[in-house]
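Sequence lines set the chain letters: A, B, ... in the order given, protein chains first and strands last, and positions in each chain run from 1.
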Amino acid sequence: MTAIQRAKGMQDVLPEERRYWDLITEKAAELAHLFGFQRIDLPILEYTELYQRGVGEGSDFFVQKEMYTLEESEGVTLTMRPEFTAGFMRAYIQNGMSSWPQPVKLYTIGPAFRRERQQAGRYRQHSQFNCEILGEVDPAADVEVMLLAMNLYRSLGFSGLTFQLNSTGCPVCKPAYVQKLTNYLAQHLDKLGDLDKERIQRNPLRVLDSKEPGMDVLLADAPHIIDHLCDDCEAHFTDLRGLLDALDQSYSINFRLVRGIDYYTKTVFEVWAEGIGAQAAVCGGGRYDGLAEDIGGPSTPGVGFGSGIERIVLGMQEAGIEPPVPTQPTVLVAHFGGATKEAAVQLTFQLRAAGIGTRLAFARDKRSMKSQMREANKHDIQTVLIVGESELEQASVMVRPLDGGEQTLVKLTDVVAWLKNK
RNA sequence: GCGGGUGUAGCGUAGUGGUUAACGCGUCUGGUUGUGGCCCAGAAGACCGUGGGUUCAAAUCCCACCACUCGCCCCA
């Protein structure tokens with residue numbers, strides 16, 4: 001493995017693609033601030049226990065196979081964050097945010113790591129925009145994070161977006177529902193594939209988002225969780241829908257939308273977009289009122305979402321959305337080496353100090369003017385400043401516009417003003 | 001972990017058994033002495049993914065492996 005090659009599942013973000021990231025992160029931060037969220041940054045490495053507890057000891061499947069874990073010292077391991085929510089909650093508890101004005105609304109943008117086979121828009125290192133409201137049970141908080149996500153994709157120019165909405169209940173009502181679902185599925189074992197039979201054992205809710213053929217019909221008649229919610233969850237869901245309706249925000253109740261982890265409660269939602277392969281979801285979120293206790297802290301409600309930047313980029317490219325190209329210098333300083341090079345370097349930094357984006361022609365010794373002009377042309381330079389010996393004798397530079405205009409001799413002391421008035 | 005597709009210069013491709021592997025784009029240089037785009041010329045750049053095998057002869061046929069990619073599993 002000595003090849004010069006990036007590690008499996010990793011991506012280089014080159015300038016051409018980076019401009020999508022710039023636009024996304026810029027819009028995300030702008031919206032987050034508009035909604036009253038504050039940015040924080042969390043460590044990439046956390047003690048492994050945080051994720052073990054957060055996700056549940058039973059889910060050791062991914063703990064062993066899909067997390068990057070390294071040994072810190074004897075018996076102590078650190079894990080590269082596979083997600084953000086547990087880290088948010090840890091930071092909330094550890095920094096005493098329960099004594100801040102409630103609720104606490106936070107967002108962050110950064111990388112997360114999962115050791116899985118890659119698919120379209122799904123990599124081992126991926127970046128997420130995450131928003132969380134901690135310490136609030138009001139369904140209006142759910143609406144805030146949902147609409148923040150939706151507004152982001154709208155402002156980026158997406159069309160054909162849909163909200164997928166469901167409730168996953170709570171420890172009061174979920175177990176009974178899971179039992180009802182299991183019973184129903186048990187009565188139709190003959191219509192299930194091997195994969196779904198295994199899912200019944202491991203996590204019956206997962207049968208709901210099975211991609212096996214024929215499941216649409218079978219699941220349509222299965223018990224749906226929203227018909228089996230406890231009073232509290234029912235009220236929360238009703239309130240949430242009422243608020244969305246009041247906002248004229250459309251959504252699809254999707255009874256097959258599930259979260260496999262126990263700390264999720266009540267609201268679960270996704271935003272779907274086209275053009276990102278088999279994974280339609282461009283964002284996933286929900287309420288996690290049980291998480292704080294799971295990781296060993298005081299009961300703290302929370303709701304939020306995470307959105308994969310790579311998937312958004314993919315969707316934008318698919319939709320033909322063009323982010324702006326970052327501004328580059330429009331002035332190039334050319335020279336002939338020796339004393340003219342020194343003068344050219346001085347002029348270049350003088351222009352930059354005056355706020356004029358400037359590119360300096362590099363040349364170890366001397367370089368043909370043709371070559372320097374070609375360089376200017378390739379970089380969409382509008383004006384070339386030629387620093388030659390004859391010009392220097394007059395304390396001037398030749399100002400050569402590339403749009404076909406005449407070149408003129410300008411005093412060194414007047415160059416900045418000349419360029420600014422142009 | 002399972003399955004499909006693909007691997008020839010930086011990028012996109014041609015070449016399907018026979019001399020120094022081709023073309024386009026890109027890069028660099030030049031087309032007289034200090035001036036871009038277009039055009040012209042030249043140069044650099046590929047152990048044809050890797051390793052075996054078949055053959056007088058392999059980029060080309062066979063096998064294995066690796067990588068990339070898409071999907072399944074899983075999805076915090």
Side-chain angles (χ1 to χ4, degrees), chain A residues 1-11 14 16 46 50-56 59-67 79-89 112-123 126 128 130 193-196 198-199 202-203 205-206 209-212 257-264 268 270 276-279 281 284-286 288 291 294-295 304-306 308 314 332 334-337 340 361 366-392 398-404 406-407:
Chain A
M1 200 52 77
T2 54
I4 297 178
Q5 180 168 18
R6 78 181 76 90
K8 186 189 280 283
M10 304 295 159
Q11 295 293 119
L14 305 182
E16 170 60 24
E46 296 272 7
L50 176 67
Y51 300 114
Q52 272 173 340
R53 291 189 198 142
V55 168
S59 300
D60 59 357
F61 174 81
F62 77 82
V63 169
Q64 289 169 1
K65 291 191 173 172
E66 298 199 347
M67 298 201 308
T79 289
M80 298 174 77
R81 65 182 175 210
E83 55 122 8
F84 286 78
T85 311
F88 269 102
M89 193 56 87
F113 303 82
R114 299 177 187 177
R115 194 173 184 285
E116 61 191 359
R117 286 287 288 272
Q118 79 173 48
Q119 296 173 48
R122 184 170 166 173
Y123 307 103
H126 66 281
Q128 279 189 31
N130 252 254
D194 292 342
L195 202 52
D196 286 323
E198 283 176 39
R199 285 183 172 121
R202 195 172 58 231
N203 191 341
L205 287 176
R206 279 285 159 211
D209 65 1
S210 167
K211 290 171 185 168
E212 300 284 309
L257 190 63
V258 296
R259 289 285 124 87
I261 306 301
D262 285 342
Y263 63 65
Y264 278 102
V268 294
E270 290 183 354
I276 51 176
Q279 296 79 41
Y288 44 90
L291 173 59
D294 280 0
I295 65 174
F305 72 87
L314 207 57
L332 179 134
H335 59 88
F336 300 95
T340 65
K366 58 181 188 240
R367 192 168 146 204
S368 73
M369 188 47 52
K370 178 200 286 281
S371 169
Q372 297 182 67
M373 291 298 287
R374 278 182 170 159
E375 175 180 341
N377 191 249
K378 277 172 204 143
H379 291 94
D380 295 321
I381 295 294
Q382 291 168 11
T383 310
V384 176
L385 303 183
I386 301 172
V387 183
E389 286 171 13
S390 55
E391 286 84 358
L392 282 185
M398 191 58 81
V399 177
R400 169 78 155 87
L402 289 192
D403 58 5
E406 284 294 304
Q407 60 183 23

Going 5' to 3' through nucleotides 33-45 of chain B and flagging B where a protein heavy-atom sits under 4.0 Å of the base, S where only the sugar-phosphate is that close, and - otherwise, we get -BBBB-B------
**Q.** Earlier contact from the 5' end, RNA chain B, for A/Arg259 and A/Glu212
**A.**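 Checking each residue's closest nucleotide, the 5'-ward one belongs to A/Glu212.
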Heavy-atom nearest nucleotide on RNA chain B for A/Leu195 versus A/Val258: which residue maps closer to 5'?
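Nearer the 5' end of the strand: A/Leu195.
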Work out how far the [atom1] atom of [N] is from that of [M], and round it to whole angstrom.
N     : M     : atom1 : value
B/G18 : B/C62 : P     : 15 Å
B/G10 : B/G45 : C1'   : 9 Å
B/G42 : B/C23 : P     : 11 Å
B/G24 : B/A44 : P     : 16 Å
B/G51 : B/A58 : C1'   : 15 Å
B/A9  : B/C65 : C1'   : 25 Å
B/G17 : B/U32 : P     : 48 Å
B/C38 : B/G34 : P     : 23 Å

Between [N] ([atom2]) and [X] ([atom1]): distance, integer Å:
X        : N     : atom1 : atom2 : value
A/Asp196 : B/C72 : CG    : C1'   : 12 Å
A/Glu83  : B/C74 : CD    : C1'   : 15 Å
A/Lys366 : B/U29 : NZ    : P     : 14 Å
A/Phe84  : B/A76 : CZ    : C1'   : 12 Å
A/Met89  : B/A76 : CE    : C1'   : 14 Å
A/Arg117 : B/C70 : CZ    : C1'   : 10 Å
A/Glu198 : B/C73 : CD    : P     : 11 Å
A/Glu66  : B/C73 : CD    : C1'   : 9 Å

Below 4.0 Å: OP1/OP2 of [N] and any side-chain N or O of [X]:
X        : N     : value
A/Gln11  : B/U69 : yes
A/Gln118 : B/C68 : no
A/Arg206 : B/A76 : yes

Backbone N or O of [Y] within a donor-acceptor pair of the [X] side chain at under 3.5 Å?
X        : Y        : answer
A/Arg259 : A/Gly285 : yes
A/Glu46  : A/Tyr51  : no
A/Arg81  : A/Ala112 : no

In the structure I gave you, are the side-chain heavy atoms of [X] and [Y] within less than 4.5 Å of one another anywhere?
X        : Y        : value
A/Asn130 : A/Glu83  : no
A/Val268 : A/Val258 : no
A/Ile386 : A/Phe336 : yes
A/Leu332 : A/His379 : no
A/Arg114 : A/His126 : yes

Original post:
Between B/A76, B/C72, B/A67, which nucleotide gets closest to the side-chain atoms of A/Lys8?
Top reply: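 Per side-chain heavy atoms of A/Lys8, the pick is B/A67.
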Side chain of A/Ala120 - closest among B/G71, B/C68, B/C74 |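 For the A/Ala120 side chain, the nearest candidate turns out to be B/G71.
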Q.
I'd like to know whether A/Met89 forms a side chain to side chain contact (heavy atoms under 4.5 Å, CB included) with A/Tyr288, so could you lay out the CA-CA distance, the side-chain angles of the two residues, the decisive distance to 0.1 Å, and finally the verdict.
A. CA-CA 10 Å; A/Met89 193 56 87; A/Tyr288 44 90; 3.7 Å; yes
Q) Name the stems that RNA chain B belongs to, where each is three or more consecutive Watson-Crick or G-U pairs with both distances under 3.5 Å? A)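 Stem segments, range with range: B:1-7 with B:66-72, B:10-13 with B:22-25, B:27-31 with B:39-43, B:49-53 with B:61-65.
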- Task: Indicate, with a heavy-atom threshold strictly under 4.0 Å, whether A/Arg199 touches base, sugar-phosphate, or nothing.
- Result: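 Answer is sugar-phosphate: A/Arg199 comes under 4.0 Å of backbone atoms only.
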### A/Arg206/A/Glu198 ion pair, N-O < 4.0 Å
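No.
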Which residue in the set A/Lys366, A/Gln372, A/Arg367 passes side chain to side chain contact (heavy atoms under 4.5 Å, CB included) when paired with A/Met369?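 In the set A/Lys366, A/Gln372, A/Arg367, the residue that makes a side chain to side chain contact (heavy atoms under 4.5 Å, CB included) with A/Met369 is A/Gln372.
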>> Tell me whether the side-chain N or O atoms of A/Arg122 pair up with the base of B/C74 as donor and acceptor below 3.5 Å, since no angle test is needed here.
In response: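 Answer is yes: a donor-acceptor pair is held.
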